[in-house]
Number of protein chains: 4
Amino acid sequence: MSPAAPEPAPSAKPGRPRSDRARRAVLHAVDDMLIEDGYAAMTMKGIAERAGVGRQTVYRWWSTKAEILMEASEADARSELRSPEQSDPARELSSYLMLLRTFLATSPAGVAYRALVGEAQHDPAVRQLIERADLLTTSARPVLLRVQPFTKAMPAIELAAAQLAGPVLSQALTTPEPFTDDALRAHADTLASGWHARFGSHPEAM
Amino acid sequence: MSPAAPEPAPSAKPGRPRSDRARRAVLHAVDDMLIEDGYAAMTMKGIAERAGVGRQTVYRWWSTKAEILMEASEADARSELRSPEQSDPARELSSYLMLLRTFLATSPAGVAYRALVGEAQHDPAVRQLIERADLLTTSARPVLLRVQPFTKAMPAIELAAAQLAGPVLSQALTTPEPFTDDALRAHADTLASGWHARFGSHPEAM
Amino acid sequence: MSPAAPEPAPSAKPGRPRSDRARRAVLHAVDDMLIEDGYAAMTMKGIAERAGVGRQTVYRWWSTKAEILMEASEADARSELRSPEQSDPARELSSYLMLLRTFLATSPAGVAYRALVGEAQHDPAVRQLIERADLLTTSARPVLLRVQPFTKAMPAIELAAAQLAGPVLSQALTTPEPFTDDALRAHADTLASGWHARFGSHPEAM
Amino acid sequence: MSPAAPEPAPSAKPGRPRSDRARRAVLHAVDDMLIEDGYAAMTMKGIAERAGVGRQTVYRWWSTKAEILMEASEADARSELRSPEQSDPARELSSYLMLLRTFLATSPAGVAYRALVGEAQHDPAVRQLIERADLLTTSARPVLLRVQPFTKAMPAIELAAAQLAGPVLSQALTTPEPFTDDALRAHADTLASGWHARFGSHPEAM
DNA sequence: TAATAATCGAGACGGTACGTCTTGTCTTCGT
DNA sequence: ACGAAGACAAGACGTACCGTCTCGATTATTA
């Protein structure tokens, strides 16, 4: 009887709206399959089947498995790399380094990131995704900004971030064993010294 | 009586010996195709056809295209990363860094190395090849050994190599632009200072 | 209101339906290739390419080239072996024999049948196809049923069919020259006599 | 002077003579493999390995597996199809038919013959081998010659052989079950009657 | 006693079909 | 219009066999 406003949705577009159920199913499938089978064994076909979703639905919203993986893991990656503020500058560096090392070595989002960096070496489109995300600089920046006031000559943030995080990423990508805590502390010390730190809250400093 | 040990054959195996012509054709094909088409577009089928070689012949001697690429580029990579001795320690570090940066950015062997590091993230077998080669430590070691006498506290070679080369490799793998010469010099300075170097203040120290 | 038999769809299955265009292209390709190149030179790969069809599409609907060939030629074979009714029993036998001889020697469907009998000796699956089709008995039966009333002791249809058609098939499979018309008439006479026929000399005998 | 040229051998050729050991090993291998794995699964490679013989050695003496199989089985086939003389003409025909049926159904040489007839439909070279051997006429001829005096109108030997043996071969090649003894006796009777036999030396005849 | 020559087993060679897999597109139905 | 199902053309995968070739070793005849 009601005049029946047939306008159930705030979405102005006609037709059936995108199914959020399908979107989440795909993202979860990708997350799971990466851990269970690895990146190489993941296929668009497999993802669609695992998600219980039509193949075309996947292709409609994403071009490659890398793109899906990016969307599935980027938020996690950023939040997991948010290094909490520390009591002193030396700790800022070393606790960030440990966070990063563990993220790359064991976190699902870290595994995803390594896979994406790998794929970026073969596929220019993935390369752009990785460059845009720039996870290293992005995650190191807050730490460096907190440490900067205590140093006399830290270089530009981009270089400093590479100096800080680059060795850890390289290690994760090319060697079997990640750095120990001691190694990371030594690395932090080297950089702190190199940046002419006066980390003056510590009386003996320099 | 018999004056000679009856050691007649250096080739003990029966059957037709391996064709060196085929081996070289495959390695050259891989080298060329990587530059022309990129790693992803390279296929075992394509390599065999390009080399004018049977498919089975490729599979007989190599398991994956990564393995071929490794054999094709490893020697080049090692020789291209042999950093010539410099007049002073500061130059040792920075000229190695520039060599490494340019190798990764433009050398065919460097492109191959990046592709292999990429593939190592997807394939454990390639991962082992990369770990065994350990190009960073191997190439940085001679430089570090020459610099070490001038520092008071350089850490273990493995860590020092990662500190030195890691940022350059990470940059090459994840960002669009390689480091400038200035940035590399700044990085060298940072490490030298961090390692408590007494560079040059004692020029006679050499 | 209407009871409305809710039988809207003959195709209950979801998904894209089978392409009849692809099916016919494959069957035609097989027909042509058998004549042009022979059975041994036909390959699943070649059939797919000749038909302009994906390889998987062929394998999806047929297991072997023999299966395709069977489907492509069975209908033709049956219709070509339908021997028209004759004015007298002696003619029934001899005209069927000539039909069969010429079918096996020159008809494309006859060539296909010979190839399939050949393959049946190597592949049990093809063997079953051939056994199920039982072309000899099937094609001879109508002839024998028309002749039977004029004989006193024709054996069971299966044996009679083998007696009638077996020599012609054997000849086609193992010797260079097919039987002449005279030979076939002599064969028909032998069987007619052997079956104690009182053919036509006594038309009222019916 | 020369006390008899030392020419002990009909083999005038220089060089190492053909190894009879290798020849027999190949023939045995083919015999065994046909029974164990079937014709289709036999390969030149497999035969060589099974015989413990080089691949080239096989190709040196035979072109195809069919040729080897022919050499391996022809002698057996001929001797197994030598039908012993019987006490009366009716028995001549029926005991030959039973011999032939059992040969085709169960004898290794019979299996080989069926495989060769099969291959002959695909390969003209094998076709010629089969035509030259003409096993049916060859084996039926002695029987027919012994029976002929007792018939008034047996056709030419080739046709008579096809009439006699053709149904049995066709049955063996295209149907699952071979003929029973009764069926073969009925077939013999039909032909005998058809050939106007007077088999009359036997009072009860006909 | 050597030289010559054809054989032997072994196994790599360039090719090519096998049957399976994944790709990205398309075509159908039901919601 | 979207979503699921699944067929479509294309083409790489790694394996098997093809028939040829190249080895070193063996076994004959001829000089």
Side-chain angles (χ1 to χ4, degrees), chain A residues 13-19 21-22 25 42-46 48-49 51-61 63-65, chain B residues 8-9 11-19 21-23 25 41-49 51-61 63-64, chain C residues 8-9 11-19 21-23 41-49 51-61 63-65, chain D residues 6-9 11-19 21-22 42-46 48-49 51-61 63-64:
Chain A
K13 283 183 298 182
R16 184 174 178 172
R18 176 174 183 183
S19 156
R21 189 208 136 273
M42 262 172 51
T43 65
M44 293 295 262
K45 185 171 184 278
E49 280 166 6
V53 142
R55 209 116 75 81
Q56 190 69 229
T57 302
V58 180
Y59 281 108
R60 196 164 5 243
W61 303 109
S63 298
T64 63
K65 56 178 175 173
Chain B
S11 82
K13 283 182 301 184
R16 181 176 180 171
R18 177 174 183 182
S19 156
R21 188 209 137 275
R23 177 178 167 274
M42 261 171 52
T43 65
M44 292 296 261
K45 186 171 185 280
I47 292 166
E49 281 166 6
V53 144
R55 208 119 76 85
Q56 185 85 164
T57 300
V58 179
Y59 282 108
R60 196 172 355 249
W61 303 110
S63 298
T64 62
Chain C
S11 81
K13 284 182 301 184
R16 181 178 181 172
R18 177 174 183 182
S19 156
R21 188 209 137 271
R23 177 178 168 274
M42 261 172 51
T43 65
M44 291 296 261
K45 187 171 184 278
I47 293 166
E49 280 166 6
V53 144
R55 209 117 76 86
Q56 186 84 165
T57 299
V58 180
Y59 281 107
R60 189 162 14 239
W61 303 110
S63 297
T64 61
K65 56 178 175 172
Chain D
E7 184 194 19
S11 82
K13 284 182 299 181
R16 182 177 181 171
R18 177 173 183 183
S19 156
R21 188 209 138 272
M42 263 172 50
T43 66
M44 292 296 261
K45 186 172 184 277
E49 280 165 6
V53 142
R55 208 117 75 85
Q56 188 73 230
T57 300
V58 180
Y59 281 108
R60 193 165 7 242
W61 304 110
S63 297
T64 62

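Within every chain, numbering begins at 1; the chains are lettered A, B, ... in the order of the sequence lines, protein sequences first and strands thereafter.
In terms of position along DNA chain E, the nucleotide closest to D/Thr57 lies nearer the 5' end than the nucleotide closest to the other residue of the pair A/Lys45 and D/Thr57.
The two residues D/Ser19 and D/Ala22 have their closest heavy-atom pair at OG-N, 2.9 Å.
The side chain of C/Arg60 places an N or O atom within less than 4.0 Å of a non-bridging phosphate oxygen (OP1 or OP2) of F/dC8. Considering only side-chain N and O atoms, C/Arg23 lies nowhere under 4.0 angstrom from the phosphate OP1 or OP2 of F/dC8. Residue B/Trp61 has a polar side-chain atom (N or O) positioned under 4.0 Å from OP1 or OP2 of E/dC13.
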Kindly give the atom pairs (protein nitrogen or oxygen, nucleotide nitrogen or oxygen) under 3.5 Å for nucleotides 24-27 of chain E.
| unit_1 | atom_1 | unit_2 | atom_2 | d |
| --- | --- | --- | --- | --- |
| E/dG24 | OP2 | A/Tyr59 | OH | 2.9 |
| E/dG24 | N7 | A/Arg55 | NH1 | 3.1 |
| E/dG24 | O6 | A/Arg55 | NH2 | 2.9 |
| E/dC26 | O2 | C/Arg16 | NH1 | 3.1 |
| E/dC26 | N4 | A/Gln56 | NE2 | 2.5 |

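Relative to the ring axis of C/Trp61, C/Arg23 does not place its NZ or CZ within 45° and under 6.0 Å from the centre.
Here D/Gly52 lies in heavy-atom contact (under 4.0 Å) with sugar-phosphate atoms only.
The shortest side-chain heavy-atom distance between C/Arg55 and C/Met44 does not fall under the 4.5 Å cut-off.
C/Arg18 places its CZ atom 12 Å from the C1' atom of F/dC8, with the value rounded to the nearest Å. Look at CZ on B/Arg21: it is 10 Å from P on E/dC13, rounded to the nearest Å.
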